[in-house]
Amino acid sequence: MKIAFAGLGVMGAPMARHLVQAGHDVTGFNRTTAKAEAWAAANGGRAAATVAEAAQGVELFILCVGNDDDVRVVVTEALPHLAAGAVVVDHTTTSAKLAREMADLATGQGRHFIDAPVSGGQAGAENGQLSVMAGGDADALARAESALNAYSKAIKHMGPAGSGQLTKMVNQIAIAGVVQGLAEAVHFAQVAGLDTDAAYEAVSKGAAQSWQMDNRWKTAAKGEFDFGFAVDWMRKDLGLVLDEARSNGAKLALTALVDQFYAEVQGMGGNRWDTSSLTARLQR
């Protein structure tokens, strides 16, 4: 399949690499042209200097960029240059409102837009093990799915445009609560004078077990926070969650509190620490 991939950062670069390795014809674009050229040289794809150049005649246009404004700019520039009936798949975490806006824009130009945020972080992207939650036209998603399988372990269609982003919000709400519980558990074990490794062994085989516990307990206990999804990104995502909750009336007291805890971590200089750094604010 002829594919363009816009946004070759810590997530997008390995995702695009998996597409090349799966045999697709991939053109990469990044706002920093040198990054696109380096990706192409390392992975066997091609680099484009503009979105329009990357999008020219492609059947599938994938993007993983920064925020709502970035998506709007990239998609608006790409749409007129895509093949008729092409599918745009956006892996950026954005507002559901933006996803619906882009879906309407694409439909008006004879193309399709799928909002398809992912879970699994940088490790999932590197290992081709991302979980994709998608909103939009089911037939359009089905056309793109064989390509998306190159870096995904699961793809779930959630409903109309915006449904993927709403599902990603559910994901982030659940993570926020779990990570705060983990931070307090590590902190309590330390204050109580327990061997934290032994405490992990004792509790991780029962009902307290979670992915966060298995992957972040020991590093959080050591004050090591360089293992993935950054606090700045989590705050962006939780901001989207809380905006949506103000619109739909969902009661998210814990999520709002954890968002403020992450603001404290940012105030400590932990903007690029991973999300398990909630432990750090308890260790001061």
Side-chain angles (χ1 to χ4, degrees), residues 1-94 98-118 122 125-126 128 130 132 134 136-137 140-152 161 164-165:
M1 185 178 289
K2 189 176 182 182
I3 301 172
F5 201 111
L8 300 171
V10 295
M11 297 290 290
M15 294 160 77
R17 183 188 73 235
H18 286 298
L19 290 168
V20 173
Q21 291 172 343
H24 298 288
D25 178 1
V26 183
T27 298
F29 167 79
N30 201 79
R31 284 183 295 190
T32 305
T33 303
K35 183 176 285 188
E37 291 172 346
W39 173 85
N43 296 287
R46 289 192 302 275
T50 66
V51 171
E53 179 187 343
Q56 195 63 49
V58 304
E59 308 161 69
L60 177 61
F61 186 93
I62 304 174
L63 63 155
C64 188
V65 291
N67 55 37
D68 283 31
D69 290 341
D70 296 329
V71 171
R72 186 179 288 109
V73 168
V74 171
V75 173
T76 300
E77 185 174 347
L79 282 173
H81 303 280
L82 300 173
V87 179
V88 177
V89 175
D90 179 25
H91 290 309
T92 315
T93 297
T94 71
L98 183 278
R100 298 182 192 109
E101 176 189 332
M102 293 297 97
D104 288 343
L105 182 66
T107 299
Q109 298 188 36
R111 279 83 174 177
H112 304 277
F113 179 90
I114 303 294
D115 55 293
V118 300
Q122 184 177 352
E126 292 284 356
L130 293 169
V132 180
D137 182 78
L141 175 62
R143 286 168 49 202
E145 199 161 339
S146 63
L148 305 188
N149 281 332
Y151 47 78
S152 307
Q165 297 297 347

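Just so we're clear, the structure is a prediction, and the values are computed from it rather than from any experiment.
- In this structure, the separation between CE on Met102 and OG1 on Thr76 is 5.0 Å, given to the nearest 0.5 Å.
- In this structure, the side chain of Asn43 does not engage the main chain of Arg17 through any donor-acceptor pair within 3.5 Å.
- Using a 4.0 Å cut-off between charged side-chain N and carboxylate O, Arg46 and Asp25 make a salt bridge.
- Contact detail for Ala161 and Ala99: the closest heavy-atom pair is CB-O, 4.3 Å.
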Going through the distances and angles, do Thr50 and Glu77 end up as a side-chain contact (heavy atoms from CB on, under 4.5 Å)? CA-CA 9 Å; Thr50 66; Glu77 185 174 347; 4.3 Å; yes
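- For the pair Glu53 and Thr27, the minimum side-chain heavy-atom distance is 4.5 Å or more.
- Here the CD-CG distance, from Gln165 to Leu98, works out to 8.0 Å after rounding to the nearest 0.5 Å.
- Considering CG of Leu63 and CZ of Phe5, their distance stands at 8.0 Å, rounded to 0.5 Å.
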Would Asp68 and Glu101 count as a side-chain contact (heavy atoms from CB on, under 4.5 Å) if you check the C-alpha gap in whole Å, the side-chain angles of each, and the deciding distance to 0.1 Å? CA-CA 10 Å; Asp68 283 31; Glu101 176 189 332; over 6 Å; no
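- A salt bridge does not link Glu59 to Arg143: none of the charged nitrogens lies less than 4.0 Å from a carboxylate oxygen.
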Can you give each donor-acceptor pair under 3.5 Å made by side-chain atoms of residues 145-152, sequence neighbours left out, with the distance rounded to 0.1 Å?
{"from": "Asn149", "atom 1": "ND2", "to": "Glu145", "atom 2": "O", "distance (Å)": "3.3"}
{"from": "Tyr151", "atom 1": "OH", "to": "His91", "atom 2": "NE2", "distance (Å)": "2.7"}
{"from": "Ser152", "atom 1": "OG", "to": "Leu148", "atom 2": "O", "distance (Å)": "2.8"}

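- Closest heavy-atom contact between Ala86 and Val58: CB-O, 3.5 Å.
- By the 4.5 Å heavy-atom criterion applied to side chains, Leu130 and Met15 are counted as neighbours.
- Of the listed residues (Thr107, Asp90, Val89), just one forms a side chain to side chain contact (heavy atoms under 4.5 Å, CB included) with Phe113, and that residue is Asp90.
- The line from CD1 of Ile114 to CG of Asp137 is 6.0 Å long, rounded to the nearest 0.5 Å.
- Evaluation of the ring pair (Phe, Tyr, Trp, His ring centres under 6.0 Å) test over residues 58-80, restricted to residues two or more places apart or in two chains, returns none.
- Nearest heavy atom pair, residue Ala49 against residue Phe29, reads O-CE1, 3.5 Å.
- Across all non-hydrogen atoms, the minimal contact from Gly9 to Pro14 is O-CD, 3.8 Å.
- Side chain of Thr92 to backbone of Val65: a donor-acceptor contact under 3.5 angstrom is found.
- Of all the heavy atoms in Val132 and Ala116, the pair that sits closest is CG1-CB, 3.7 Å.
- Of all heavy-atom pairs spanning Asp115 and Gly136, the tightest one is OD1-N, 4.2 Å.
- Shown here are the salt bridge (charged side-chain N to carboxylate O under 4.0 Å, His left out) partners of Asp104, two or more places apart in sequence or in another chain: there are none.
- Atom OG1 of Thr94 sits about 10.0 Å away from atom CZ of Arg100, to the nearest 0.5 Å.
- If you take CG on Leu8 and NZ on Lys35, they are separated by 8.0 Å, rounding to the nearest 0.5 Å.
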